Amino acid sequence: MMPSKLIGRLTATLTCLTLSLVAGVVRADSPVNQLSEAEQRSGWKLLFDGKTADQWRNYKKDSLSDGWKIIDGALVRDSKGAGDIVTKETFDAFELLLDYRISPEGNSGLMFHVTEDNPVPWHSGPEVQIQDNIKGHDPQLSGWLYQLYRPGKERDSDDYIDATRPAGQWNQIYLRIAPGGCEVCVNGVRYYQFDIGSDDWQRRVAESKFAKFEGFGKADSGHICLQDHGNRVSFRNIKVRHLGKDGSVPQPIDGKLGLSSELAFPNLKWDQWDPVGANGQLRPLRLIELRHAPDGSGRLFAISQNGAIWTFKNDPEVSQSHLFLDLRDKVFDWKNRGANEQGLLGLALHPEFKSNGKFYIYYTHADGQKSILSQFNVSEDDPNKADPDSEVVLMEIEQPFQNHNGGSIEFGPDNYLYIGLGDGGFRNDPLAAGQDLSKLLGSILRIDVDNQSGDSKYGIPSDNPFVSTPGARGEIYAYGVRNPWRLAFDSKTGDLWIGDVGQELWEEVDLIVKGGNYGWSVREGTNPFGNGVAGTGDPIEPVWQYDHRIGRSITGGRVYRGSRVPELAGKYLYADYVTGVVWALTYDQDKGAAVKNQQVIPESVPVLAFGEDENGEVYYLTESARGDCIYRFAN
């Protein structure tokens with residue numbers, strides 16, 4: 001008979017091949033002038049469909065001049081005398097996304113809250129500058145709010161942030177105008193925030209050339225305007241969304257399942273845990289992973305971010321847990337300033353755990369400057385205790401910043417260990433790690449813990465996608481991720497899912513395939529980011545994404561394969577930590593696309609992670625000063 005381990009690896013290889021060839025993995029050549037499924041559900045609409053411009057007219061006119069033409073799906077200022085154009089509709093609080101392509105040395109502008117009681121639009125509407133930053137004739141660069149606001153300086157530089165791509169290439173502007181705060185991003189990079197009517201706003205207007213126009217920036221609503229500055233400029237993917245008075249937008253859902261949640265183990269006590277720390281301060285329990293033992297013992301293992309691992313019976317009536325391993329002296333404390341993404345972050349039990357007693361953890365070293373992947377063994381005397389002296393360090397990964405350390409680890413159906421690494425932290429991927437195959441950061445790794453390669457304590461599978469790529473790290477299985485939180489294999493199909501935390505605008509769900517490039521940091525979700533250079537291979541689009549009016553920090557989950565809650569069968573469960581919404585995503589394998597998104601429970605819950613038992617039941621984990629951290633879904 002073929003060894004089970006080899007069968008598992010062949011199965012995974014075939015799964016990856018199937019995903020690449022059959023399931024229609026979507027590359028990042030996003031459909032132009034179309035709304036995604038998520039955008040449609042959350043209130044976005046098109047202001048230009050690539051075929052007609054019937055939502056636009058010239059300023060103070062009833063129609064659009066012949067100087068504006070539709071060419072290859074773009075609205076183009078094509079000839080002399082085209083004139084400034086405005087939306088037929090007016091907007092008060094709104095968000096806008098648009099792509100622009102400026103000609104060499106060209107200049108244009110995007111104005112908002114334009115009224116038609118002035119000779120020209122810019123007498124009333126503030127203008128986001130659009131120009132060629134290389135050969136432009138204006139010292140105020142593209143994306144600046146003309147004579148009012150400009151971005152900050154580049155890190156360790158006196159140069160202003162410039163995220164634009166050169167003339168002739170497409171760039172994206174995001175504009176939010178709302179009472180709670182306004183914002184401009186260029187290619188996903190935040191340039192500045194402002195508040196219309198604030199003391200700061202009034203001072204800047206008074207110091208600008210607009211001070212003499214009484215109505216400038218005073219309107220509560222108005223038209224969106226695209227400027228004719230005498231140069232060729234093209235626009236496409238013009239999308240707008242009205243905001244509620246409180247800044248709210250529709251949830252991107254097809255309905256609400258209306259499930260409830262309940263403590264999975266209401267009687268469980270945590271062995272040797274005290275909610276009051278050594279300094280007398282209340283210290284909540286913060287669980288970050290829940291796994292079942294692959295040994296038939298019916299046990300679960302839970303890890304806390306501060307370095308403790310417990311094991312207990314998977315029984316709703318269980319009351320006793322065992323402190324399996326205490327690493328609090330070795331793990332950097334996540335309660336330190338800025339360290340909430342550090343600590344003990346990952347646990348994976350070896351597929352042959354029953355016979356070899358090996359397990360693996362990912363944690364932040366006590367110095368806070370590197371991540372450690374280690375192997376441990378169960379004690380020979382007690383299956384509910386680990387041997388603290390058995391540690392074998394497999395990898396040490398230098399971390400340039402405190403955030404974006406990733407840390408989720410899991411064995412795949414091929415019995416290789418997969419490791420999710422963030423880009424190293426800070427903003428805008430300053431080390432450009434996401435698209436650099438010579439760096440481990442910003443990648444999903446795949447290693448063989450049962451064999452060694454050279455001086456390493458682990459092996460690199462010979463079929464890893466970049467083992468023969470000059471200069472690339474052979475451990476990399478996929479790349480272009482920002483901060484995968486968390487990763488999980490579907491126990492039925494073998495698909496690898498992650499939730500990747502975004503920066504300014506987008507959170508995403510990704511289906512990981514061998515050799516896949518997921519775009520960061522030249523893309524955030526389906527949208528452009530910055531002006532860096534992409535690595536090898538076209539970026540793969542996320543299975544699903546949502547914007548920062550919906551949520552701000554995705555918690556990747558697991559596909560439900562249990563039987564207790566039939567409504568969840570086969571759905572990918574995930575959440576947003578900031579807004580506390582929990583969703584269930586339905587993915588159609590044949591279409592290679594998400595087809596439904598539902599809200600699971602009505603209450604808001606800050607979910608840190610999801611866990612799964614051997615029956616396919618999915619749990620969600622939270623932080624609690626009472627130790628009540630593990631919940632399950634119920635009808």
Side-chain angles (χ1 to χ4, degrees), residues 11-32 34-42 44 250-259 412-413 444 478 481 484 486-500 506-519 523 525-527 538-547 550-551 554-563 565-576 581-600 610 612 616 618 633:
T11 300
T13 300
L14 290 172
T15 298
C16 290
L17 184 61
T18 300
L19 284 170
S20 297
L21 298 180
V22 178
V25 171
V26 181
R27 299 290 169 177
D29 291 330
S30 304
V32 177
Q34 295 183 34
L35 297 175
S36 70
E37 293 289 331
E39 287 170 335
Q40 292 178 50
R41 288 163 173 78
S42 57
W44 289 93
Q251 275 281 325
I253 57 175
D254 299 277
K256 299 180 180 181
L257 292 174
L259 300 180
I444 307 299
V481 295
R486 322 271 297 166
L487 66 78
F489 282 94
D490 181 342
S491 59
K492 179 178 179 179
T493 67
D495 294 343
L496 176 55
W497 295 82
I498 70 165
D500 197 16
W506 307 100
E507 305 293 308
E508 64 184 90
V509 175
D510 292 311
L511 186 59
I512 300 299
V513 297
K514 181 177 177 180
N517 175 6
Y518 290 84
R523 295 187 72 88
T526 60
N527 297 271
D538 295 330
I540 296 173
E541 285 196 350
V543 169
W544 190 258
Q545 67 178 19
Y546 62 90
D547 61 72
I550 305 297
I554 192 171
T555 298
R558 311 195 73 92
V559 177
Y560 184 87
R561 295 298 180 187
S563 57
V565 189
E567 296 94 327
L568 298 178
K571 301 179 189 295
Y572 176 73
L573 303 178
Y574 70 108
D576 188 87
V581 183
V582 180
W583 296 285
L585 189 68
T586 301
Y587 181 75
D588 188 312
Q589 287 277 358
D590 294 330
K591 293 180 179 179
V595 294
K596 184 183 293 185
N597 192 49
Q598 297 165 290
Q599 187 171 331
V600 178
F610 291 83
E612 183 180 12
V618 173
F633 302 104

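These figures come from a predicted structure and were not determined experimentally.
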Could you list the residues that satisfy side chain to side chain donor-acceptor pair (under 3.5 Å) with [X], not counting sequence neighbours?
X: Gln251; answer: Trp583
X: Arg486; answer: Glu289
X: Tyr572; answer: none
X: Gln545; answer: Thr526

Please report the closest heavy-atom contact between [X] and [Y], naming both atoms and the distance.
X: Arg558; Y: Glu612; answer: NE-OE1, 2.9 Å
X: Phe489; Y: Gly494; answer: CD2-O, 3.3 Å
X: Ala488; Y: Gly557; answer: CB-O, 3.3 Å

[atom1]/[X] to [atom2]/[Y] distance, rounded to the nearest 0.5 angstrom?
X: Glu541; Y: Arg523; atom1: CD; atom2: CZ; result: 6.5 Å
X: Trp544; Y: Arg41; atom1: CH2; atom2: CZ; result: 4.5 Å
X: Asn597; Y: Asp254; atom1: CG; atom2: CG; result: 6.5 Å
X: Phe633; Y: Glu567; atom1: CZ; atom2: CD; result: 12.0 Å
X: Lys514; Y: Ile444; atom1: NZ; atom2: CD1; result: 15.5 Å

Handout entry: Pair Tyr546-Asp576, side-chain donor/acceptor within less than 3.5 Å
Key =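 Per modelled atom types, Tyr546 and Asp576 side chains form a pair under 3.5 Å.
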Practice task
Give a yes or no answer on whether the side chain of Asp588 reaches the backbone of Ala593 with a donor-acceptor pair at less than 3.5 Å.
Solution key: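 Such a contact is absent between Asp588 side chain and Ala593 backbone.
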Problem - Side-chain donor or acceptor of Asp510 paired with backbone N/O of Ile512 under 3.5 Å - result: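 Not a single qualifying donor-acceptor pair exists.
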Practice task
Can you sort out the partners of Ser42 under side-chain contact (heavy atoms from CB on, under 4.5 Å), two or more places apart, ordered by chain and number?
Solution key: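 Once residues adjacent in sequence are excluded, the partners of Ser42 under the side-chain contact (heavy atoms from CB on, under 4.5 Å) criterion are Trp44, Arg241, Pro252, Asp547, Ile550.
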Exercise for the section: Would you please name every residue forming a side-chain contact (heavy atoms from CB on, under 4.5 Å) with Ala584, sequence neighbours left out? Expected result: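 Once residues adjacent in sequence are excluded, the partners of Ala584 under the side-chain contact (heavy atoms from CB on, under 4.5 Å) criterion are Leu257, Leu568, Lys571, Leu573, Val600.
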Handout entry: Candidate pair Ile540 and Val513, rule side chain to side chain contact (heavy atoms under 4.5 Å, CB included), full reasoning
Key = CA-CA 9 Å; Ile540 296 173; Val513 297; 3.7 Å; yes
Exercise for the section: Evaluate side chain to side chain contact (heavy atoms under 4.5 Å, CB included) for Arg561 paired with Thr493, printing each intermediate quantity in order. Expected result: CA-CA 10 Å; Arg561 295 298 180 187; Thr493 67; 3.7 Å; yes
Using side-chain heavy atoms (C-beta onward) and a distance below 4.5 Å, is [X] in contact with [Y]?
X: Val481; Y: Glu508; answer: no
X: Val581; Y: Gln599; answer: yes
X: Asp500; Y: Ile554; answer: no

Handout entry: Qualifying residue, where the test is side chain to side chain contact (heavy atoms under 4.5 Å, CB included) with Tyr587 and the options are Val595, Val543, Val509
Key =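 Going through the options one by one, the only one that passes is Val543.
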